[in-house]
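Contents: one structure, followed by commentary.
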Amino acid sequence: MEPQPTEALETVFRLESPRVIAGVARLVRDVGIAEELTQDALVAALEQWPRDGVPDNPGAWLMATARRRAVDLIRRRETYARKLAEVGRELPAAAPPPAEPADPQDIDDDLLRLVFTACHPVLSAEARIALTLRLLGGLTTPEIARAFLVPEPTVAQRIVRAKRTLATRNIAFEVPYGPDRAARLGSVLEVIYLIFNEGYAATAGDDWLRPALCEDALRLARVLSALMPKEPEVHGLAALLELQASRTAARTGPDGAPVLLRDQNRRRWNRMLIARGITALDRARTTGSGAPGSYVLQAAIAACHATAVTYEETDWPRIAALYGLLAARTPSPVVALNRAVAVSMAEGPAPALALVDALAAEPALREYHLLPSVRGDLLLRLGRGAEARTEFERAASLARNERERELLARRARECG
């Protein structure tokens, strides 16, 4: 049975809207207006498709409709006509400037322009995430609000302000290249990584996992790696997300409670995603010529876990060494804490406890529930059960996610 026009439109629009918005934004140079014109095309489809049937190429139909409306809008703009007349009067008086030589690394892709625009550093991290999920993920405002457990008006305001900021600051709808691209690419990768992490281990709420967010981030990473095949960190991020996502099915029990890495049933890990991750990691290594970046290093750590047959067979010395490289590349208290966990498995809990205690004064970790959680685990392995219980209780009091809070409280009770 053929899909109903409204069902087909909903599916097509979620898949095609990023490319339609990107194509229109290249004409109007404003992502806010481009989104409105794309919505207008959706309304036209809702009116015509039930009557005339779904077109053979619905994505192209939406693009053509939106672009026609964009051209009409440009023609109606009085400012456009005035500027065109002014340029025409000035042409005889001045010779046109010589064309700049094209940069061989320049990428002519509307979707990539949209990625770099939505993730522009001039926007806050929250605004970048909301705008990226709206324009590139195809999510509605209510869907974004539910995913991040914030009120719908808050998300709506972030999106509106983000589009207004891009317009008032005259942010160019372009893919930067050279040093500017390197600087801006970090923002793009960070946004995709933050979206994935919120789905992989939700910071708050009743559910520990939000698979839909992981899928959106993974799709964006795959699109970006296809659009930027010569960027090792892009492949590194794609590899990291593929490998992390491979463990999703094993990370929760039947009741939705978290399952720790050492207790996971590795037969439930997705081998296809692991294979994709390893391939992307190999591509990152062969593409890059210098020292590996932070996402490539994190992907290499994830690969150590993914390829270990059992928890005990994990190459912990290599993981500890990779965390050392990561700490040197991107110093962070969280990276240092993760390195301490790896050291505890490679060398024992005592040296790791000294590393964790050295992080106790870090302001960034003062309210971070995983610091007392890791310390509690190390104390428990050293036979100091009463102290471990205190640490797990403190970790439970700091955890904002209900599932994680329950897990930490249970671990405190098990300390006796």
Side-chain angles (χ1 to χ4, degrees), residues 119 121-130 148-150 158 183 186-205 208 210 213 217 233 236-237 240-241 244 258 260-261 292-302 319-345 349 351-379 387-388 390-405 407-409 411-412:
C119 299
V122 74
L123 304 175
S124 68
E126 294 82 5
R128 278 179 265 160
I129 289 171
F148 286 91
L149 302 179
V150 294
R158 288 175 183 173
S187 173
V188 174
L189 299 180
E190 178 191 24
V191 167
I192 297 174
Y193 188 45
L194 288 173
I195 292 171
F196 182 88
N197 279 346
E198 186 58 31
Y200 193 70
T203 55
W208 197 41
R210 296 187 186 127
L213 276 182
E233 278 288 78
L237 178 64
L240 174 61
L241 302 195
Q244 296 288 72
L260 298 176
L261 178 61
S294 62
Y295 292 110
V296 175
L297 290 171
Q298 290 179 75
I301 292 169
I319 291 177
L322 287 169
Y323 268 121
L325 293 174
L326 184 60
R329 177 83 180 189
T330 53
S332 153
V334 174
V335 171
L337 183 62
N338 289 334
R339 176 175 174 269
V341 174
V343 169
S344 77
M345 299 303 299
L353 183 60
L355 295 175
V356 172
D357 287 344
L359 296 171
E362 284 286 347
L365 300 181
R366 189 167 297 142
E367 303 297 321
Y368 188 51
H369 67 286
L370 291 183
L371 178 63
S373 173
V374 169
R375 193 169 190 276
D377 187 67
L378 296 176
L379 290 168
E387 295 173 78
T390 301
E391 292 296 324
F392 285 129
E393 288 173 345
R394 170 167 166 72
S397 71
L398 293 174
R400 293 169 53 199
N401 183 277
E402 185 60 33
R403 292 293 190 176
E404 209 164 8
R405 188 183 300 119
L407 171 65
L408 291 166
R411 296 204 69 191

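Throughout, numbering of the chain's residues begins at 1 and tracks the sequence.
Annotation: side chain of Pro372 is in contact with side chain of Leu398 (closest heavy-atom distance under 4.5 Å). Looking only at side-chain heavy atoms (C-beta outward), Val334 and Leu365 come within less than 4.5 Å of each other. Annotation: side chain of Leu370 is in contact with side chain of Glu404 (closest heavy-atom distance under 4.5 Å). Side-chain contact between Phe196 and Leu240 is absent, with no heavy-atom pair separated by less than 4.5 Å. Proximity of Arg411 to Asp377: side-chain heavy atoms (C-beta onward) are separated by under 4.5 Å at one or more points.
Taking OG of Ser332 as the reference point, atom CD of Glu362 lies at 8.5 Å (rounded to 0.5 Å). Distance CG/Asn338 to CD/Gln298: 9.0 Å, rounded to 0.5 Å. Interatomic distance, Arg394 CZ to Ser373 OG, rounded to the nearest 0.5 Å: 12.0 Å. Rounding to the nearest 0.5 Å places CD1 of Ile192 at 6.5 Å from SG of Cys119. Put simply, CG on Leu194 and CD1 on Ile129 are 4.5 Å apart, with the number rounded to the nearest 0.5 Å.
With sequence neighbours left out, Thr390 forms a side chain to side chain donor-acceptor pair (under 3.5 Å) with no residue at all. Under the rule for a salt bridge (Lys or Arg N to Asp or Glu O under 4.0 Å), the partners of Arg375 that lie at least two apart in sequence or sit in another chain are Asp357, Glu391. Shown here are the salt bridge (Lys or Arg N to Asp or Glu O under 4.0 Å) partners of Glu233, two or more places apart in sequence or in another chain: there are none. The side chain to side chain contact (heavy atoms under 4.5 Å, CB included) check on Ala342 picks up Trp316, Ile319, Ala320, Tyr323, with sequence neighbours excluded. With sequence neighbours left out, Glu126 forms a salt bridge (Lys or Arg N to Asp or Glu O under 4.0 Å) with no residue at all. Judged as a side chain to side chain donor-acceptor pair (under 3.5 Å), and not counting sequence neighbours, Arg329 has no contacts.
Looking at every heavy atom in both residues, Ala352 comes nearest to Ser344 through CB-CB, 3.4 Å. Residue Leu407 comes nearest to Leu260 through the heavy atom pair CD2-CD2, 3.8 Å, listed as atom of the first residue, atom of the second, then distance. Scanning all heavy atoms of the two residues, the minimum distance from Val335 to Thr330 falls at CG2-O, 4.2 Å. Ala364 approaches Pro333 most closely through the heavy-atom pair CB-CG, 4.2 Å. Closest non-hydrogen pair, Val356 versus Ala340, comes out as CG2-CB, 3.7 Å. Taking both residues in full, the closest heavy atoms of Ala399 and Leu408 are given as CB-CD1, 4.1 Å, listed atom of the first, atom of the second, then distance.
Remark: Arg158 CZ is packed, more than 12 non-hydrogen atoms of other residues, nucleotides or ligands lying under 6.0 Å away.
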